[in-house]
Amino acid sequence: MRKELKEKIVNLVSKDFKEVLDLKEKIKVDLPKEEKHGDISTNIAFLLSKPLKKKPIEVANKIKDILEKDKDFEKVEVAGAGFINIFLSKDFYFEFLKKAVQENDEYGKEKEKNKGKINIEFVSANPTGPLHLGHGRGAVVGSTLSNLKDYAGYVVEREFYINDAGRQIYLLGKSVYARFRQIEEPDYPFPEDGYKGEYIKDIAKELYQYEREKIYSMLDEDEAIEFCAEYAKNYLLDEIKKDLKEFGVEFDIWFSEKSLYEHGKVDEAIEFLKKKGLVYEKEGALWLKTTVYGDDKDRVLIRSDGTYTYFAADIAYHYDKYKRGYDYIINVWGADHHGYFPRLKAAVMAFGVPEEWIRVIFIQMVKLFRNGKEVKMSKRSGEFITLRELINEVGKDAVRYMFLTKDSNTHLNFDIDLALKQSNENPVYYVQYAHARIMSVFKEAKQRFGFDVEEDFKADVSLLKEDIERQIMKEIAFLPDLIKETAEKEQPHKLTSITHNLASKFHNYYYHYKFLVEDENLMRARLFLLKAIRSALRTLFKLMGITPVERM
RNA sequence: GGGCCCGUAGCUCAGCUGGACAGAGCAACGGACUUCUAAUCCGUAGGUCGCAGGUUCGAAUCCUGCCGGGCCCA
């Protein structure tokens, strides 16, 4: 909507000052923080002052006269060194309230999916253990970003890449097999670099219960290990899927690394690159010329012993994505993988797509603190807090919200004591309480007056004359705009402050004014506004994957 | 040695495609429940935006250098 307002302003001003047309790119329409600075403000006078060779404030006054004639602009003021502050009319806002009430938890969502088709890959945890907090953060950021893009009009496919091939899985099998054997032979050696977590023993016990004979009858130990690996992998993948579902995270595609080998996709991708003349042999290995596309050095695809590198599989994986025809793809990765990006980007560019086709959002580390001390997490040592444990203690909503409050680019210190003990202090309750309070008012309206808010009813919004009411209307009117901006900038963490802001305005309103008043027209108007607030909150909650609770 | 990220109030962090006195939550202090839920509201206090230069009418925001913390690669 800001875009529309900017167009309007530029058009009006250009009638007298055609110079604005050259400055269009730089002109901004902002939402000022302070109420007295108007509903919207623009820097247009600062920009025009140069070509017109006049002081910003002089230009601003001329523009004020122009804009004031329009009926959508109730009042125009010049402030500071040359800011132009515009107050919008109430009718202008009313349309948005109606829309909010109608659209409920999808207020402002783009119905036409014409922004293109994109793929967002996230979590992609190795199926060698339960999800930990780092995965949780990636899951929240990835799923919320997907929701945002979907809201903004993209067709979004959410994808999980399963690393079900290679050394890690073999090690998993070896670990489980050792635990299995230890049930009868406590001295059976456990692999030095094996997975030490308790869950490995659980899996071994299950195998012992159901598959004991089968495993013992295998003559070749490697065969038994492979069997254990396959079993453990499926077991853990199921756990991961369950955890994610409980965490409000769904995927459209579960892509198996192993399937790439099984269907010859790795060779296919290498063949494709070979035809482009980007592959060569050196020292018995096969290399890809990633340096052509900005990488530090060329990378090995097939080692001299004939085995594929992980990189080769990843290229095949992205070649597959490339062929699926996305407008662009986003990978959500742990920040420790950032060194890997240049080579993958180079490989992808070798397919013939522009650099912007692949984007990566790096999630910085989650550091866990307990009793004021950092808990070092290591999957191998088995010492870590799982995502499931945290969800069980704190609740899905609180965890999602907490992970979302921080920019994924910054390190996140997670104080486990605080999260577990003082869950009441969690900011998520603040926003949920706002929703619960609205529901409570609606219930009371029905009990006291038999007034069913859920049915359509007439309301005269012009009766809403309080300052806070105006602020809320404005907030609601600009919300879809704000959400879409957040989607474009790919900064899901901003949703929490947007939500907090709206909730804060509501709580303020609630405390200072009564909704169920004697004047029925005023009551209707206020309930209508409340219904619009509820829609706005629900819309935000849905994007963040948080439950709109009815009572607290 | 090279690269990426971070350095804003006591703590955890927003703000950073330059703009109006730098914001929030928690913690601290003082007030507000006979009312639609006080998990709320109102107020007070707290900051050389790591340091130093530069660009600009204007820099927490852009550029350069340095310092400190984390991660990756060699």
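So that the names make sense, note that chain A is the first sequence line, chain B the second, and so on, each numbered from 1. What you are looking at is a predicted structure, and each value in this text was computed from that prediction instead of being measured.
Within the 4.0 Å cut-off from OP1 or OP2 of B:G15, at least one side-chain nitrogen or oxygen of A:His493 is found. For B:C16, one of the phosphate oxygens OP1 or OP2 lies less than 4.0 angstrom from a side-chain nitrogen or oxygen of A:Lys494. A:Arg437 has no side-chain polar atom (N or O) that falls below the 4.0 Å cut-off from OP1 or OP2 of B:C36. Phosphate contact (OP1/OP2 of B:A39, side-chain N/O of A:Tyr429, threshold under 4.0 Å): absent. Between A:Ser497 and B:G25, a side-chain N or O to OP1/OP2 separation shorter than 4.0 Å is absent. In terms of phosphate contacts, A:Tyr513 brings no side-chain nitrogen or oxygen within less than 4.0 Å of OP1 or OP2 of B:U40.
For the residue pair A:Arg534 / A:His435, no side-chain donor-acceptor distance below 3.5 Å is found, with atom types taken as modelled.
The nearest heavy atom of RNA chain B to A:Met552 and to A:His507 marks one nucleotide each, and the one closer to the 5' end goes with A:Met552. Comparing A:Leu412 and A:Phe515 along RNA chain B, the residue whose closest nucleotide (by nearest heavy atom) sits nearer the 5' end is A:Leu412.
In this structure, B:C71 forms a base pair with B:G3, meeting either the Watson-Crick or the G-U wobble geometry with both donor-acceptor distances under 3.5 Å. Using N1 to N3 plus N6-O4 or O6-N4 for Watson-Crick, or N1-O2 and O6-N3 for G-U wobble, each under 3.5 Å, B:C36 pairs with nothing. B:G30 is paired with B:C42 under the Watson-Crick or G-U wobble criterion, all donor-acceptor distances under 3.5 Å. With both pairing distances under 3.5 Å, B:A24 is matched to B:U12 as a Watson-Crick or G-U wobble pair. B:G65 and B:C51 make up a base pair, with Watson-Crick or G-U wobble contacts both under 3.5 Å.
Exactly one residue among A:Ile361, A:Val141, A:Val140, A:Val332 makes a side chain to side chain contact (heavy atoms under 4.5 Å, CB included) with A:Phe122. That residue is A:Val332.
The distance between atom CE of A:Met439 and atom C1' of B:C36, rounded to the nearest whole Å, is 13 Å. A:Asp295 places its CG atom 14 Å from the P atom of B:C4, with the value rounded to the nearest Å. Rounded to whole Å, the distance from CG on A:Asn508 to P on B:C41 is 8 Å. If you take NE2 of A:His411 and P of B:G69, they are 13 Å apart, rounded to a whole angstrom. In this structure, the CE atom of A:Met402 is 15 Å from the P atom of B:A14, given to the nearest Å. In this structure, OH of A:Tyr433 is placed 17 Å from P of B:G25, rounded to the nearest angstrom.
Among the protein residues, A:Ala436 comes within range of the nucleic acid bases, having at least one heavy atom under 4.0 Å from a base atom. Among the heavy atoms of the strands, none lies under 4.0 Å from A:Asp296.
The base of B:G3 sits within donor-acceptor range of the side chain of A:His338, with an N or O pair under 3.5 Å.
A cation-pi arrangement is absent between A:Lys542 and A:Tyr151, since the terminal nitrogen or guanidinium carbon is not both under 6.0 Å from the aromatic centre and inside a 45° cone about the axis.
No side-chain heavy atom of A:Tyr280 sits under 4.5 Å from any side-chain heavy atom of A:Leu286.
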